[in-house]
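Chain A is the first sequence line, chain B the second, and so forth, proteins listed ahead of strands; every chain is numbered from 1.
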Protein chains: 2
Amino acid sequence: MRATIRDVAKAAGVSTATVSRVLNKPDMVDPETIERVRAAMESMAYQPSAIARGLSAKRSDTLGLIVPGITDFFFNELYKGIDRASQQNGMKVLLYDSEHSRDRALEGFSILGGYQVSGIIFTSKLVTEDYDPILQRVGVPVVLTLTQSEARTPVPSFRIDEVRAMFDVVAYLVTRGHQKIGMIAGRQWDDKTGELRLEGYRKGLRHFGIEYDEKLVEYGQYRFDDGYQAMQRLLEKQPNFHMTALCTASDEMALGAIRCLNDNGLHVPEDISVVGFDDLPLARMITPRLTTVAQPFAEIGEAAVSWLVRAVGREPSPSEIGDYLLPHRLVERESVRALG
Amino acid sequence: MRATIRDVAKAAGVSTATVSRVLNKPDMVDPETIERVRAAMESMAYQPSAIARGLSAKRSDTLGLIVPGITDFFFNELYKGIDRASQQNGMKVLLYDSEHSRDRALEGFSILGGYQVSGIIFTSKLVTEDYDPILQRVGVPVVLTLTQSEARTPVPSFRIDEVRAMFDVVAYLVTRGHQKIGMIAGRQWDDKTGELRLEGYRKGLRHFGIEYDEKLVEYGQYRFDDGYQAMQRLLEKQPNFHMTALCTASDEMALGAIRCLNDNGLHVPEDISVVGFDDLPLARMITPRLTTVAQPFAEIGEAAVSWLVRAVGREPSPSEIGDYLLPHRLVERESVRALG
DNA sequence: TTGTACGCGTTATCAA
DNA sequence: TTGATAACGCGTACAA
């Protein structure tokens, strides 16, 4: 049986209220009393019940995190930032995996609500109007990371400027002499990021006077196999292969594309240059090291938590609710070759 | 303000006890009443407070998970299994990252205890006698995954037969004509796994009559950079390179070793064969695809949760507390070349 | 089948 | 500076 606040109170010869004060407002307690109480706690290995505390105080020092899939490679980096910031603020994190299902994501809000989380971080999936009812009644602040909202309920989002990022990739490639630039874009029904990056790609081409050619574009759902298959289709669509560079919407798809190219006797970057997106830890581990767009995952996580912590218990002003665009960065490595 | 059980009771014209029963023992309630109550809950979007429930029932339907580092590549796979099994049992998971610090790991038990978790899964780090006091007083069942215990308090562990696994690797290599087999072993002060795998390596050599040569062995802490540097040292230790195959204690170190070899103009598997350990998702994504030992991470996670769920609320019999060795598997891919 | 009333471990309010 | 005591939201004897 765990020791309770009552046990400690009895042992120290004080009331439970005093024990509670020692824990929460020590400056209101006589130093000697503090000493006695602390000793008692020590000897009984007392650990306050976060549960009871949550019930009484109506807050739980816990943040809820909803992710689409735990196996997404970027998860670890994002979580690192979230965990770091949470810890600094004395918060715990409750994880909820929606398994890429909208229903489960919706359910996640309720379940986390049941745990009295102080705030919720929602990740990666596009938030549409379906979310409005839930968003209205969760009763705790919600922030978005790596995605944005199309719902009416105002919600802040932390992410990068997707369009600009992909524009930068195209610019980088053009500067290195590439003109025939293909793309494996991201596409999922509940994802807007893919469109945005594709838009950046088109914008980039247009800016440099290159015509958009849909034979050079394919789609995938961000994972390795999607990249592999998309590359396969790209190869089939152009019998006389003349693409010199390829942008992708994720490092994983870039890996898939590279594997596919290798399996077809093509080499990176000798035969074709490839640029990834995300800068996952593994991007620098493979051969060739992957040139890619670094997303500040950890920073995004930290920023989201900070916002949440500041927002808890009060109504955030409209000016605080916006899209926070954190800086991305193109990381030059070995998968792009300068032409001519 | 969230709706409480009282609000629902009032709306349905019943007592809170009845509402509670509708939730927990519907068979004791009149069907019509159920109907009414359910409707009320629906209309108010009632979500029972897991917090209050936990306080009252003294259990929280929550499992605690202590991992050494969220960025360890195997984490996602392990978590997948844990999450799956937890869900099936209506449990949530509270994550705690000990950041490879023993003090923080110890603290993890207390904190998770404060959240009234029903059980705790401890991962990867060796459990020594320092853990005994904590283990004694957590008051909830604890299981180990991917590690084992040297503490006196009996704790079950779920893992693979490390010695046998590495023995199998050596056997595999010898069968393919390799004799000069090196190893990048794992080594950390709070880790026994590394020793075990090294033991399997030595056992393998001995079994096939190959002499152990410490010039062919180096150590690292499982991460990419460790593998890279260990390979570097290996290269320096033997000016006239004649190692034909290399075992590693982790896929990440295998990647590091391969990168290092590449940087030194050596190719895998043409110049040297490399075998990884873990079979992380990325093992099949790189070129060459990595031959490696598959650990059943997800299954280990599931097994651990199942055990925990069965153990909660009662004293597990001694026969249940043991080392559960799950089957590993050597996955043949492209990083090993058959000699001669 | 249903309702009343108490307890779970804290915090917060109000007196002392 | 301290102590009683009433919440917090739910589960569950016990009684009806």
Practice task
Would you jot down, in residue-number order, the residues of residues 18-36 of chain B having a non-hydrogen atom under 4.0 Å from DNA chain C?
Solution key: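 Heavy-atom cutoff 4.0 Å gives B:Thr18, B:Arg21, B:Met28, B:Val29, B:Asp30, B:Thr33.
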
Spacing between [X] atom [atom1] and [N] atom [atom2], to the nearest angstrom:
| X | N | atom1 | atom2 | value |
| --- | --- | --- | --- | --- |
| A:Gln47 | C:dT10 | CD | C1' | 13 Å |
| A:Ile51 | D:dG11 | CD1 | P | 13 Å |
| B:Leu55 | D:dA7 | CG | P | 17 Å |

What nucleotide among [options] has an atom nearest to a side-chain atom of [X]?
| X | options | result |
| --- | --- | --- |
| B:Ser56 | C:dG3, D:dG11, C:dA12 | D:dG11 |
| A:Arg53 | C:dT10, D:dC10, C:dG9 | C:dT10 |
| B:Ala17 | D:dT12, C:dG9, D:dG3 | D:dT12 |

Handout entry: Presence of B:Ser15 side-chain N/O under 4.0 Å of C:dG3 phosphate oxygens OP1/OP2
Key =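 Result: yes.
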
Practice task
Check whether any side-chain nitrogen or oxygen of B:Tyr115 sits under 4.0 Å from OP1 or OP2 of C:dG9, and answer yes or no.
Solution key: no

Exercise for the section: Could you tell me which residues satisfy side-chain contact (heavy atoms from CB on, under 4.5 Å) with B:Ser157, sequence neighbours excluded, listed by chain and number? Expected result: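 side-chain contact (heavy atoms from CB on, under 4.5 Å) check on B:Ser157 returns B:Leu144, B:Gln148, B:Arg159, B:Asp323.
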
Completion exercise
Across all chains, not counting sequence neighbours, the side-chain contact (heavy atoms from CB on, under 4.5 Å) partners of A:Ser124 are A:Pro68, A:Phe74

Practice task
Would you mind listing every side chain to side chain donor-acceptor pair (under 3.5 Å) that reaches into residues 16-33 of chain B, with sequence neighbours excluded?
Solution key: B:Ser15-B:Thr18, B:Ser20-B:Asn24

Practice task
Any side chain to side chain donor-acceptor pair (under 3.5 Å) involving residues 76-86 of chain A? Give me the pairs, sequence neighbours left out, ordered by first then second residue.
Solution key: A:Asn76-B:Asn76, A:Glu77-A:Lys80, A:Arg84-A:Glu302

Return the set of residues passing salt bridge (charged side-chain N to carboxylate O under 4.0 Å, His left out) with [X] (not counting sequence neighbours), or none when no residue passes.
| X | answer |
| --- | --- |
| B:Glu299 | none |
| A:Asp72 | A:Arg223 |
| A:Lys92 | none |

Completion exercise
A:Arg102 meets the side-chain hydrogen bond (donor to acceptor under 3.5 Å, both in side chains) criterion, sequence neighbours left out, with A:Asp130

Problem - A:Gln295: partners by side-chain hydrogen bond (donor to acceptor under 3.5 Å, both in side chains), with sequence neighbours left out - result: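 Listed in chain order: A:Asp278.
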
Handout entry: Degree of bending in the helix from C:dT1-D:dA16 to C:dA16-D:dT1 once both end axes are built from five pairs, to 10°
Key =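 End-to-end axis angle for the helix from C:dT1-D:dA16 to C:dA16-D:dT1: 40°, rounded to 10°.
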
Practice task
Run the ring-centre check on A:Phe75 versus A:Phe297 and record whether the distance is less than 6.0 Å.
Solution key: no

Problem - Test of ring centre spacing under 6.0 Å for B:Tyr96 and B:Phe109 - result: no

Practice task
Specify the residue among B:Gln116 and B:Val14 whose closest nucleotide of DNA chain C lies further upstream toward the 5′ end.
Solution key: B:Val14

Exercise for the section: Under 4.0 Å from any atom of DNA chain D, heavy atoms only: list the residues of residues 5-12 of chain B that qualify, in numerical order. Expected result: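 The answer is B:Ile5, B:Arg6.
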
